[in-house]
**Q** 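Just passing along the structure, written as structure tokens.
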Amino acid sequence: MNHIVSVSNVSKNYNLGQVVVPALRGVSLDVAEGEFLAIAGPSGSGKTTLLNLVGCVDTPSAGTVTVDGKQTGLLCERDLTRLRLHTIGFIFQSFNLVSVLSVLQNVELPLLLQRALSARERKQRVLALLDRVGIREYSKHRPSELSGGQRQRVAIARALVTRPKLVLADEPTANLDSVTGTNILNLMKELNQSETTTFIFSTHDARVWAYASAVVRLADGQIQDRVSAEEAVRAGGLPTGRPA
Amino acid sequence: MGFLLDLRIAFRSLFQHSRRTFFLATAIAGVTALLILLNALSAGVSETMIRAATTLSTGHVNVGGFFKVTSSSGGPVVTEYEKVIEAVRKSVPEMESMVHRGRGWAKIISDLGSTQAGITGIEIKNEPGFRKVIELVSGRLEDLAEPNTMLVFESQVERLKVRVGDAVTLSAQTTRGAANTIDCRIVAIAKDMGLMSKFGVFVPVETTRALYQLRSDTTGAIHIYLKPKFIPDVTAIAARLRGQLEKLGWTVMDADPNPFWMKFQTVAREDWTGQKLDVTTWEDEVSFITWTLTVLRGLTAVLLTILIAIVITGIMNTMWIAIRERTREIGTLRAIGMQRGGVLRMFLYESLLLGLIGTGTGALAGAGLGAALNAARIHVPLSVQLFLMSDRVQLALHAGGLVRAALFITLVTTLAALYPAYRAARLKPVSAMSHFG
Ligand SMILES: Nc1ncnc2c1ncn2[C@@H]1O[C@H](COP(=O)(O)OP(=O)(O)OP(=O)(O)O)[C@@H](O)[C@H]1O
Ligand SMILES: [Mg+2]
């Protein structure tokens, strides 16, 4: 099986003045293409840190991260940016839309950066995607005029518009109410299945594990285990540490 | 397309913070307008001076000189001037027109008073510029075509106590050192034109020849008027002409940035006889007043430096604030694939746009204000008139100057944003994930 992501023996330390905070300690993880993988763990367990490393926005203190066959430690900043642009889509916990651009322009942004499609093709693709995530009628609105759920839909559309192989989502439902959160997860799952895009998302909400193809449980910067969604739900709760 | 994206975000960000943008744009506009007005003032003073000076006492470039009969006596004379004119015509293609004038220094005696004055001999029919600069109080300029006539200025009228039609006597030493007098009739009285008119009168060129007993193939100096676009190059053109006259066999004096009447003593002390030519520029001939221009330009430069420092501080501060506020946006853009260059351009465009808006407004405001000041025809105090050679100052507002000022300030604002923008571009994309900001 092809691994879109391969994390090997990765450690990440943060320096807080004199104190070294180990956020990840010897994490190894392979993710197959088409997975819908949940990273579960309590607050401070290292979920965001791991996603940042996989997303090539941060570098590990030790170990290697390979994304789409490229070892990220060997790439220069320019090539890392290209990898993010062409291979990875990001969904952030707090949406991170560009406030001065309209919904349509926000979603169009990665396509503009790619400079691959004509204006007409871009518009077609963006509108089709907005349709898909159910906010086409808001295409001319500014993000500030939308609800949290709508904003996250925009963010999802933006992450998917380049048809990336890999989408990373850091607690995509944490800022949403549970109904909206469920809708968003359904949408992600649907896109995962129709586009065969690999999704890795972090969560400390046990209710969303059911959607995952597998759950990687993280605690204190180490991988506890990797189980199927059913097992995880059956086991219930988080492996160690405080319940979220 | 990427270009448009950076520009679009920059443009919208600018209007997102409309208050901040408004204040900064206003400050930039103010500085631009001030720069334009100060430059227009310098240029206006300079143009007024050049216009007055080049009519009264100098061309843009002059070929004068001294002729010494013995090593101790001589005068400001160019002999065989037609040949010199011929040589100048060939050597100065930038020339628009050319006149020759007699030069001298004499005592003027009337029934009721006397004064010393520089005597300039002109051919009034060849001096079209004269009419534009000289404002007559009484008499007629045309009458200067008649032999032994004279134009005086109001301040001399006070000393001589004469009116149009009165007779005066000119008394001077000829080039051979003999005393000579000539009677002249006052035919025109002109308004004062500052320092230059205090000590100068105009007579027909034959009168200067007669006074100094010179042959008809002599003159005092040849005034060369250049086409306007070549006026800034006078120094180079003078240097070139100097070389060419030398090559054609004339003895030419070394460049000396002083008016001809300050060179009498040096020439008299030197041990030579015959003809020497002296090539000067208008700046040399009026060097005793051009320091005012230098002062004005210096003040402009100092003021401008301060104002630009303020603008730079304002822009940089605003950029730092914008970058702090938009850390997460920058991180997001970097995370989804914008290169560092894109972030850099985004902030530079923002500053560039701000600069264009500010300087555009400022240029219009400056031009409007300048035009209004010109229309108001503000009179300058007497002390200033002396140097200005005019009773009011006309701001010189040229489209080229406006555009240059606007572009210069825009460049400054853009460069001021360079370092903050560079720092923004270096922000780590991981900052997109942080929740503050
Ligand atoms: N920039 C940083 N500087 C210092 N320490 C950090 C930094 N980012 C994270 N850490 C520390 O690293 C550890 C892992 O943090 P991380 O954000 O990856 O956890 P998380 O699982 O995403 O937590 P949460 O559920 O609260 O988002 C924590 O102990 C955290 O305090
Ligand atoms: Mg986190």
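No hydrogens, no waters, no symmetry mates; every other heavy atom, side chains included, goes into these values. All chains are named by letter (A, B, ...) in the order of the sequence lines, taking the proteins before the strands, and each is independently numbered beginning at 1.
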**Q** Of the backbone (N, CA, C, O) and the side chain (C-beta and beyond), which part of Q114(A) lies under 4.5 Å from a heavy atom of chain B, both, or neither?
**A**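 Neither the backbone nor the side chain of Q114(A) comes within 4.5 Å of chain B.
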**Q** Only pairs of heavy atoms separated by less than 4.5 Å count here; which of D58(A), T162(A), I88(A), L109(A) has the most with chain B?
**A**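 The option with the most such pairs is L109(A).
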**Q** Do E77(A) and R334(B) meet the salt-bridge criterion of a basic N to acidic O distance under 4.0 Å?
**A**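 Yes.
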**Q** Should the ring pair F11(B) and F15(B) be called parallel, tilted or perpendicular, given that the plane angle runs from 0 to 90° and is split at 30 and 60?
**A**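 F11(B) vs F15(B) ring planes: tilted.
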**Q** Kindly compute the distance separating CD1 (I9(B)) from CG (L14(B)), expressed to the nearest 0.5 Å.
**A**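 Spacing of CD1 (I9(B)) from CG (L14(B)) equals 13.0 Å.
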**Q** Which bit of R82(A) comes within less than 4.5 Å of chain B, counting heavy atoms only: side chain, backbone, both or neither?
**A**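 It is both, since atoms from each part get that close.
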**Q** Chain B heavy atoms under 4.5 Å from L80(A): which part of the residue, side chain, backbone, both or neither?
**A**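 No part of L80(A) comes within 4.5 Å of chain B.
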**Q** Check whether any side-chain heavy atom of M188(A) sits under 4.5 Å from a side-chain heavy atom of F36(A), and report yes or no.
**A**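 A side-chain contact exists here, since the closest heavy-atom pair is under 4.5 Å.
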